[in-house]
Amino acid sequence: MSSAPKAKPAQRITIPPQRASIAAAVEECLERTATILLHCGAATKEDLIQSIAKARQSNAAGTPVDLLETLAKHVNCPEPDLGQAIHAYAEQVATAVIPSPPLVSFAARYIAPSAFYENFPEIKKLGHALLSPVVYAEDSDAIGTAALNPVAASIMSEEIMAIVARRYEIRPFVSTVLLDYTSWNEIVRKHFLR
């Protein structure tokens with residue numbers, strides 16, 4: 001009999017669940033965001049119903065929009081105050097998202113991770129649909145995403161974890177940050193509207 005310790009089988013990681021489709025992720029983002037805004041009193045049910053309808057219509061036409069921006073425009077927020085109004089909504093939503101992502105405006109300065117997007121085209125499509133781009137990718141084990149909407153960033157983070165785990169059987173570290181309206185517009189244009 002050998003006294004050498006028996007080798008334990010390699011432990012497989014638990015692969016997180018993945019949403020059924022990009023459309024399902026976008027719909028979940030709309031519903032979760034609206035629910036939070038309604039419960040915290042940041043928006044009325046009528047304004048949310050109309051804003052969701054506008055967002056769904058735009059998304060169906062192939063032009064993704066964020067509910068926070070759509071809502072601010074729906075309630076006729078003046079253009080100079082739009083960024084501030086959206087940020088106020090984002091702060092309300094962030095209180096219900098765990099962990100609550102910090103506001104990091106300089107994330108918009110990062111260069112689009114072209115190689116990562118080429119390796120994971122489904123992540124780029126999802127990021128475009130949620131308007132939550134990947135702001136950095138150190139290989140496939142440290143990834144960062146940013147958004148105007150904390151719920152969009154959270155969903156994007158969860159989906160990145162699921163997609164990378166399925167492909168490489170590793171659990172990446174995924175961080176999320178919020179962007180201000182100006183930075184968000186800039187980075188969305190840089191990543192998705194070339």
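In this text the structure is predicted, and so the values were computed from the model without any measurement.
- Legend: residues meeting side chain to side chain contact (heavy atoms under 4.5 Å, CB included) with E28, ordered by chain and number and at least two apart, are R19, R32, I155.
- Summarising the hydrophobic clusters (Ile, Leu, Val, Met, Phe, Trp, Tyr; side-chain heavy atoms under 4.5 Å, direct or chained), the residues clustered with L178 are L103.
- Taking 4.5 Å as the limit, every side-chain heavy atom of V104 sits out of range of all side-chain heavy atoms of L179.
- The closest side-chain heavy-atom distance from F106 to S183 is not below 4.5 Å.
- With sequence neighbours left out, D47 forms a side chain to side chain contact (heavy atoms under 4.5 Å, CB included) with T44, L71, H74, V75.
- Inter-residue side-chain proximity for L37 and V93 is flagged as met; some heavy-atom pair is nearer than 4.5 Å.
- Taking 4.0 Å as the cut-off between side-chain N and carboxylate O, E27 and R56 count as a salt-bridged pair.
- Side chain to side chain, S157 and T176 fail the donor-acceptor criterion of an N or O pair below 3.5 Å.
- In this structure, Y136 and P113 have side chains that are not in contact, with every pair of non-hydrogen atoms separated by 4.5 Å or more.
- Using a 4.5 Å heavy-atom threshold, the side chains of E69 and Y89 count as separate.
- Of the candidates L82, D81, N76, D81 is the only one forming a side chain to side chain contact (heavy atoms under 4.5 Å, CB included) with P78.
- Remark: of the listed residues H128, K125, H191, H191 is the sole one forming a side chain to side chain donor-acceptor pair (under 3.5 Å) with Y117.
- A salt bridge links R167 to E122: at least one charged side-chain nitrogen sits closer than 4.0 Å to a carboxylate oxygen.
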